[in-house]
Structures are given as C-alpha cells and as structure tokens.
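Residue numbers start from 1 in every chain, and the chains themselves are labelled A, B, ... in the order their sequence lines are given, proteins ahead of strands.
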Amino acid sequence: MNSAKTVSLIAASPKVGEAAVSDWLSDRAKKVFSGGGVLVHQINVRQSAAHRPEDDFERMRLSDALIFIFPLYFFCLPGLLIRYLQDFEAYLAAREAAPTVPRVFCAVNCGFPEPGINEEAVRVVKSFSEKIGASFGFGLMIGGGGMLLPAQEAPFMKKTLSAIDAAFERMRTDLTADPAGETANLEVKAAFPRRLYFAAASLDWISSAKKNGLKKRDLYARPYV
Amino acid sequence: MKAFVVSDEELRSARSAQINDVVRGFLKARGYGVEEAHLDRDTLKCCMGCFGCWVKKPGVCVIGDGMSSVNNSAMTSDAVFYICPIVFGQFSANIKNAVDRWLPNMLPFFETRPDGSTMHPPRYIDYPCQIMIGYGENLTREDARLFTDIIKKHRGGAEVLICGDPAELPEALGRLSLSRIGGHL
C-alpha cells in the first residue's frame, strides 16, 4: 500500500518567455519535497490556464497539499492567479461530494526589499483555503525577490537560499502533522544593502531602456497628460 | 469634471447593477461626466510582468487590448471608481487585471516612503482620486477587513467603501472629496 503524500506546486508567474522567480522556487521546492518521499505535481498557471486547466484542477483536488508560489502584484495576488483560484473554486463547486484538499501553503516573492509587504497576499490565500474547506498552514514571504535569480550563485545569498529551503522543508514536515493547524508565517529577504539594491535596480531600468533605443529622460514620459 | 467607473461585468449581479446605478446617479447629479468600463472575462489580459510599460513604451502598456484606453480614461478623470466584487478578500480577477495594469502610471525606480516602506515613485504630478467600492454576497467580516487592508495599508489616497446596502452609498460618497490628488499613491 502506497501512503506517500502528494503535493501540487502551483507556480503563478504571469511572465511569458522569460525566467521567472516563481518557477525557480517551484523547482527548488520540488527538490525538497521529492527528497522527502513526497510525490510532486508541478503546475505552471499560465500554461495550465491556456490549455486544459481541468486536468490540473483534478490533480489539485486529489492532492494532500497545494502550495501556491507567486509574485506580489500591487500588494496582492496577480490577476492571473486570482482567475485560476476563481475557476478552481467553481470546478470544485460543480462536482458532487468533491473531497477537500487538506492543506494549503504559499510562497510569495516581492521585488521590494521588505518581506512583510506580502502579508495581505498570504491572508488572501488563507481566505481561499477556507472557502474550499482546506486548512491553511503558513506563508513564506520573500523580499528582494529581484536578487534571487541573478545573484543565486553569490556567496552572500547562501543564507537566504538556505532559509527558503528550510521553509519548504517545514511545509513538508507539516504535511504529516496531526492535528495540522495554522502556524506563523516566515519572512526571508535577500541579504543585500537596501541602498545598493535600489541603485542596482535603477541602473538596470536605464540600461534596459537604452537597449530599446530610449534615453534616460524617456523613462519619465507622461503620455496621458 | 469627469469620473470613470470600472466594474466587473462577468460577476454582474443585482447588487452590482444597483451599485452602478447609485454611483452613476450620484455623479451625474453633481455635474460629472461619467465614462464607464464594464470588464468581462476577456476584456483585459492579465499583466505579464514584462515591464515594457517602463522600458519600451514608458507610460503605456504594450499589450494590445483595451487597457491603454482604460488608463487614458482613468488618468484624464478627476475620480475613478472601481466597483469590485470581493473574492477571497481581494479584487476579482477582472478588476485585478485593471489594477495590475495601472503599473505604466508609475515610474520603475524604488523610493522609501516616510514609514520606511518601498514604493515606485509617481510618473505624474497628480492623479485621479481612486474609490474602491467592495461588495459581496455573504461577505465575511474578515474578507471585508482584508480588502480594506490591501488598499489602505499600501496606497495612500485611495478610499475604500464596503457596500452592504447600496441605498446607503450616496451618504458615504458625499463625505468623499472627489478631486485629483498629489502624486504619491
């Protein structure tokens, strides 16, 4: 008899055709869960929504835990993910005697340095959990998400990445907790000086604009005056 | 004076229609020209986080749908009303797509606000005041509180009204200043 737990890792970056932190976090979480004997199903929300979300909805319905991994957009979930959650809730409602998913977690990353800015997004995922009859575990709130991909190999990021892995490990061990309840959210941020982070971001925007044939002053355009 | 009203057509209900009527009537009675956008499921694509609105066509969303028109209407108004079904304590998907794609109206850089939090600086000198009217059938106190927190904790200048009885809306609207505000949102 196979008693292995199953987890759906649901990455909801709206980005098209470029590397996304949420996908990278999903891969990282997969290593942690698979290493602990948990069966993992990875879902990319943009691809799933564009093709056959019902197949993924069914896998989600049968999972022991759902872990939503997404970027913070305007202090909350991106529209892409809210659409997916609305549709998943409708999918569950349309099924007779739909079993509930036992556990829900989330990992939110924000470009701003302070991880606490993700708190309301975690509360939204908790509210969603309650609506589908699931028990919410906790949220991993990441600040300075813009550093994760470009600086992942840098020595100063080791502590940050270890903290992220530890949070996924806590989700994995939480899966077997009895009784499973809500625990405190975790905050992780890139160990990088705030002023340098701001300066690096500014240089990056100006550099990107120049690659597109624009001058720095063009960034300040006011088309709707 | 001009006001722009954005509502969710996909989740349209008797209550949302009533709220729309009340808001429209309130504004017209005060001499506002009213423009409306009813967002259906396919009206606006979701923001794809490409930042083209910052580094390719600064100030304009590069997705070729109706959002540039929505942003133009919003930015040239004195007041923008979002009539929002509250879903899991936040905006519905259709309204959130419009909110996410407000991004062109901000600058890409980071700055620190007086409370120590980070924000993108304003692109414009002033903006329309924004009024978020949240509603929902069987809305829980927690979800109403969350909806308010999402807006009020992070966006200075935006107003939130949780609408139980639409008949009470005119009084609440009458207490608001419906004029353009300085740039820091």
Using ring centroids (six-membered ring only for Trp), state whether A:Tyr220 and B:Tyr124 fall under 6.0 Å. no

Heavy-atom proximity to chain B below 4.5 Å, by part of A:Val225: both

Which heavy atom in A:Pro223 sits nearest to a heavy atom in B:Gly59, and how many Å separate them? CG-O, 3.5 Å

Can you tell if the side chain of A:Lys211 reaches within under 4.5 Å of the side chain of B:Lys56, non-hydrogen atoms only? no

Does A:Tyr224 reach the side chain of B:Val60, with side-chain heavy atoms less than 4.5 Å apart? yes

Atom CG of A:Asn212 and atom NZ of B:Lys57: how far apart are they, to the nearest 0.5 Å? 12.5 Å

What residue, out of B:Gly89, B:Ala74, B:Ser92, has the most heavy-atom pairs lying under 4.5 Å from chain A? B:Ser92

A:Leu81 portion near chain B, given a 4.5 angstrom heavy-atom threshold: neither

A:Trp205 and B:Trp54 aromatic ring geometry - parallel, tilted or perpendicular at 30°/60° bounds: perpendicular

With a 4.5 angstrom heavy-atom cut-off, could you sort out which part of A:Ala221 is near chain B: side chain, backbone, both or neither? both

Residues B:Glu142, A:Ser127; criterion side-chain hydrogen bond (donor to acceptor under 3.5 Å, both in side chains); working and verdict: CA-CA 8 Å; B:Glu142 289 78 15; A:Ser127 173; over 6 Å; no

Is there a side-chain contact between A:Phe75 and B:Ile151, using heavy atoms and a 4.5 Å cut-off? no

Side chain to side chain, A:Lys126 and B:Phe88, heavy atoms closer than 4.5 Å: no

Is any side-chain N of the basic residue among B:Asp143 and A:Lys131 closer than 4.0 Å to the acidic one's carboxylate O? yes

Decide yes or no for A:Glu120 and B:His154: does some side-chain heavy atom of the first lie under 4.5 Å from some side-chain heavy atom of the second? yes

Side chain, backbone, both or neither: which part of B:Asn105 has an atom under 4.5 Å from a heavy atom of chain A? side chain

Would you compute the distance between atom CG of A:Leu80 and atom CG of B:Asp100 and round it to the nearest 0.5 angstrom? 9.5 Å

Would a line drawn from the ring center of B:Phe91 to the ring center of A:Phe74 be shorter than 6.0 Å? no

Gap separating the CG atom of A:Leu77 from the NZ atom of B:Lys96, nearest 0.5 angstrom: 7.0 Å

If you round to the nearest 0.5 Å, how far is OG of A:Ser13 from CE of B:Met48? 11.5 Å

Find the one option among A:Asp204, A:Leu219, A:Val16 whose heavy-atom pairs under 4.5 Å with chain B are most numerous. A:Leu219

Taking C-beta and beyond as the side chain, do A:Phe112 and B:His120 meet within less than 4.5 Å on heavy atoms? yes

Hey, does A:Arg195 have a side-chain heavy atom less than 4.5 Å from the side chain of B:Phe110? no

Close side-chain approach of A:Glu119 and B:Asp149, heavy atoms under 4.5 Å: no

Contact winner vs chain A - B:Arg123, B:Lys45, B:Met75, heavy-atom pairs under 4.5 Å: B:Arg123

Give the minimum heavy-atom separation between A:Glu114 and B:Gly116, together with the two atoms involved. OE2-O, 4.5 Å

Counting heavy-atom pairs under 4.5 angstrom with chain B, the leader among A:Cys76, A:Gly213, A:Pro78 is A:Cys76

Whatever's closer than 4.5 Å to a heavy atom in chain A on B:Arg41 counts as both

Chain B heavy atoms under 4.5 Å from A:Leu214: which part of the residue, side chain, backbone, both or neither? side chain

Give the minimum heavy-atom separation between B:Val87 and A:Ile82, together with the two atoms involved. O-CD1, 4.5 Å

Residue among B:Ile150, B:Leu146, B:Thr140 with most heavy-atom pairs under 4.5 Å to chain A: B:Leu146

Can you tell which of B:Cys50, B:Pro104, B:Cys47 has the highest number of heavy-atom pairs within less than 4.5 Å of chain A? B:Cys47

For the atom pair CD (A:Gln86) and CG (B:Leu11), what is the distance rounded to the nearest 0.5 Å? 5.5 Å

Could you walk me through whether B:Asn97 and A:Arg83 pass side-chain hydrogen bond (donor to acceptor under 3.5 Å, both in side chains), step by step? CA-CA 9 Å; B:Asn97 283 340; A:Arg83 158 77 61 222; over 6 Å; no

